[in-house]
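Chain letters run A, B, ... following the sequence lines, proteins first and then strands; every chain starts at 1. Values reported hereafter were calculated over all heavy atoms of this structure, with side chains retained and with hydrogens, waters and symmetry mates removed. All values derive from a computational prediction rather than experimental measurement.
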There are 2 protein chains.
Amino acid sequence: MPTVPKPRRGAQAVPPDALAGCPFHDVRMKLWTAGLRPTRQRMALGWLLFAKGDRHVTAEILHEEAQASRVSISLATIYNSLHQFTQAGLLREIAIDGSRTYFDTNVSDHHHFLVEGTNALIDLPRIAIDPKELPEPPAGKRIARVEVVIRLRDAES
Amino acid sequence: MPTVPKPRRGAQAVPPDALAGCPFHDVRMKLWTAGLRPTRQRMALGWLLFAKGDRHVTAEILHEEAQASRVSISLATIYNSLHQFTQAGLLREIAIDGSRTYFDTNVSDHHHFLVEGTNALIDLPRIAIDPKELPEPPAGKRIARVEVVIRLRDAES
DNA sequence: TTACGTGCAAATAATTTGCAGTCCC
DNA sequence: GGGACTGCAAATTATTTGCACGTAA
């Protein structure tokens, strides 16, 4: 069972260091402030995930990348880590149909193009969704999030 | 392997009868015009799916309902039938995350509320999405569909 | 009759979990 | 040292497929 510790008390206030700009320290800091121990595996995954700008990955893809980087991490640990990162707010699960789960390193409020066939995801340039345009939620409920997926197909077909 | 025959030639032009209003004949006609043989199993499923207005179902739910109706249909056949219905345009798959696939009997252009926790789906009153508001698709691609999911959470939490 | 359909059981695929051993603080 | 973490293998869950048999046209 994956263990998800609570965020470290006061971590935000007393970060271990502030060598911003160095990817290694950045990842360590991300983990630290999230209350996750910077283990070898999590550092490696953090490196793969956050050092290259915004990404959309599946557990399988990350696993392959780790192996390509000669870092040995079991698939189970990758799943566990992805969920821990998600709970810590470092990642976001993306809701598209299809059997596999995608994780997005861009946790800001945004939406996606989904290319049919390849299942590739592309961040949308921000489209503003006016809350006033949205329908009223049923009684007792509030809107937690709006997710928009724009499916793309080859132009000629 | 599920076989999905092409729509019956000229079926639209020469429907077997036109007793609209009778659910039994309506389902039979739906299948007929879709080019699907009205077998006992498909008739039963069509009955469950289309006789009660718009519905959101999983294969599992349909299976339980069929058993509750004392109709014996294997789960494999339910999966096959759901996909055949979908290909025939009688159903639509809904893209939400989560492990199971939902099918919607409302195939018109619309969107959904998704209640967190129960995973219940609720059709949205039509919200117009202005095509002019949408971002430009990448070169060589066109927009096939826009899907909006509004996640709901209990108001107090 | 004969291709289309169906049920069953086995096969996949993605993901999760139990647990014994390892590592960080 | 002790709880947090990891790897592995087995377990789950959702879905698909192969194939022998059944059935609608």
Side-chain angles (χ1 to χ4, degrees), chain A residues 1-11 14 16 28 31-32 34-46 57-64 66-67 71-88 93-103 119, chain B residues 1-11 14-16 27-28 31-32 34-46 57-64 66-67 71-88 93-103 119:
Chain A
M1 242 168 317
T3 312
V4 180
K6 296 180 186 64
R8 200 174 298 282
R9 282 158 292 137
V14 189
R28 173 162 298 222
L31 294 177
W32 178 273
L36 297 171
R37 279 192 192 167
T39 62
R40 182 168 53 79
Q41 292 82 344
R42 298 212 268 230
M43 285 297 289
L45 294 180
V57 300
T58 62
E60 206 64 53
I61 290 172
L62 249 195
H63 192 224
E64 284 164 17
Q67 298 199 306
V71 183
S72 167
I73 307 181
S74 80
L75 193 50
T77 295
I78 298 210
Y79 274 106
N80 289 340
S81 300
L82 285 173
H83 286 135
Q84 290 157 358
F85 285 15
T86 301
Q87 284 201 35
E93 276 186 68
I94 304 178
I96 57 171
D97 68 356
S99 45
R100 34 184 98 198
T101 304
Y102 278 80
F103 293 85
N119 267 10
Chain B
M1 240 166 316
T3 310
V4 179
K6 295 181 186 62
R8 200 175 299 281
R9 281 157 293 136
V14 190
V27 170
R28 173 161 298 222
L31 294 177
W32 178 273
L36 297 171
R37 280 190 193 168
T39 62
R40 181 169 54 79
Q41 291 83 342
R42 297 211 269 230
M43 286 296 290
L45 294 180
V57 300
T58 63
E60 206 63 54
I61 291 172
L62 248 195
H63 191 224
E64 283 164 17
Q67 299 199 307
V71 183
S72 167
I73 308 182
S74 79
L75 193 51
T77 296
I78 299 213
Y79 274 106
N80 289 340
S81 299
L82 284 173
H83 286 135
Q84 290 156 0
F85 285 15
T86 300
Q87 284 200 37
E93 274 186 71
I94 303 178
I96 58 171
D97 70 355
S99 43
R100 33 184 99 198
T101 304
Y102 279 80
F103 293 85
N119 267 11

(Q) For a quick test of reading the model: is some side-chain N or O of Thr77(B) closer than 4.0 Å to OP1 or OP2 of dG7(C)? (A) yes
Q: Determine: side-chain N/O of Thr39(A) to OP1/OP2 of dT6(D), distance under 4.0 Å, yes or no.
A: yes
Q) Which heavy-atom pair separates Ile78(B) from Ala59(B) by the least distance, and what is that distance? A) CG2-O, 3.9 Å
Q) Between Thr101(A) and dT15(C), is there a side-chain N or O to OP1/OP2 distance below 4.0 Å? A) yes
Q. To the nearest angstrom, how far is Leu36(B) atom CG from dC4(C) atom P?
A. 12 Å
Q: Compare every heavy atom of Glu93(B) with every heavy atom of Thr86(B), then report the nearest pair and how far apart it is.
A: CG2-N, 4.4 Å
Q) In Å, rounded to the nearest 0.5 Å, how long is the span from CD1 of Ile73(A) to CZ of Arg42(A)? A) 11.0 Å
**Q.** Whole-Å gap separating C1' (dT16(D)) and CG (Leu75(B))
**A.** 11 Å
Q.
If I take atom CZ in residue Arg40(B) and atom C1' in nucleotide dA25(D), what distance separates them, rounded to the nearest angstrom?
A. 17 Å
Q. Could you give the CG-to-C1' distance, from Leu31(B) to dG5(C), as a whole number of Å?
A. 13 Å
(Q) Which nucleotide wins on minimum distance to the side chain of Arg37(A), given the candidates dA9(C), dA24(D), dG2(D)? (A) dG2(D)
Q: State whether Gln41(B) places a side-chain N or O below 4.0 Å from either non-bridging phosphate oxygen (OP1 or OP2) of dG7(C).
A: yes
Q. Which value, rounded to the nearest 0.5 Å, describes the distance between Leu45(B) atom CG and Thr39(B) atom OG1?
A. 8.0 Å
Q) Taking C-beta and beyond as the side chain, do His83(A) and Phe103(A) meet within less than 4.5 Å on heavy atoms? A) yes
Q. When the distance from NE2 of His63(B) to P of dT6(C) is rounded to whole Å, what number comes out?
A. 14 Å
Q) Starting at CG of Asn80(B) and ending at C1' of dA9(C), how long is that distance when rounded to a whole Å? A) 14 Å
Q.
From CD of Glu60(A) over to P of dT16(C), roughly how many Å is that when rounded to an integer?
A. 13 Å
Q) Is the shortest side-chain N/O distance from Tyr79(B) to OP1 or OP2 of dT15(D) below 4.0 Å? A) yes
Q: Return the nearest nucleotide to the side chain of Pro38(A); candidates are dT6(D), dC25(C), dA25(D).
A: dC25(C)
Q.
Is the phosphate of dT15(C) approached by His83(A) (side-chain N or O, under 4.0 Å from OP1 or OP2)?
A. no
Q | Any Arg100(B) side-chain N or O less than 4.0 Å from OP1/OP2 of dA14(D) | A | yes
Q. To the nearest Å, how far apart are Leu62(A) CG and dA14(C) P?
A. 15 Å
Q: Using only side-chain N and O atoms of Arg42(B), determine if any of them is under 4.0 Å from OP1 or OP2 of dG5(C).
A: yes
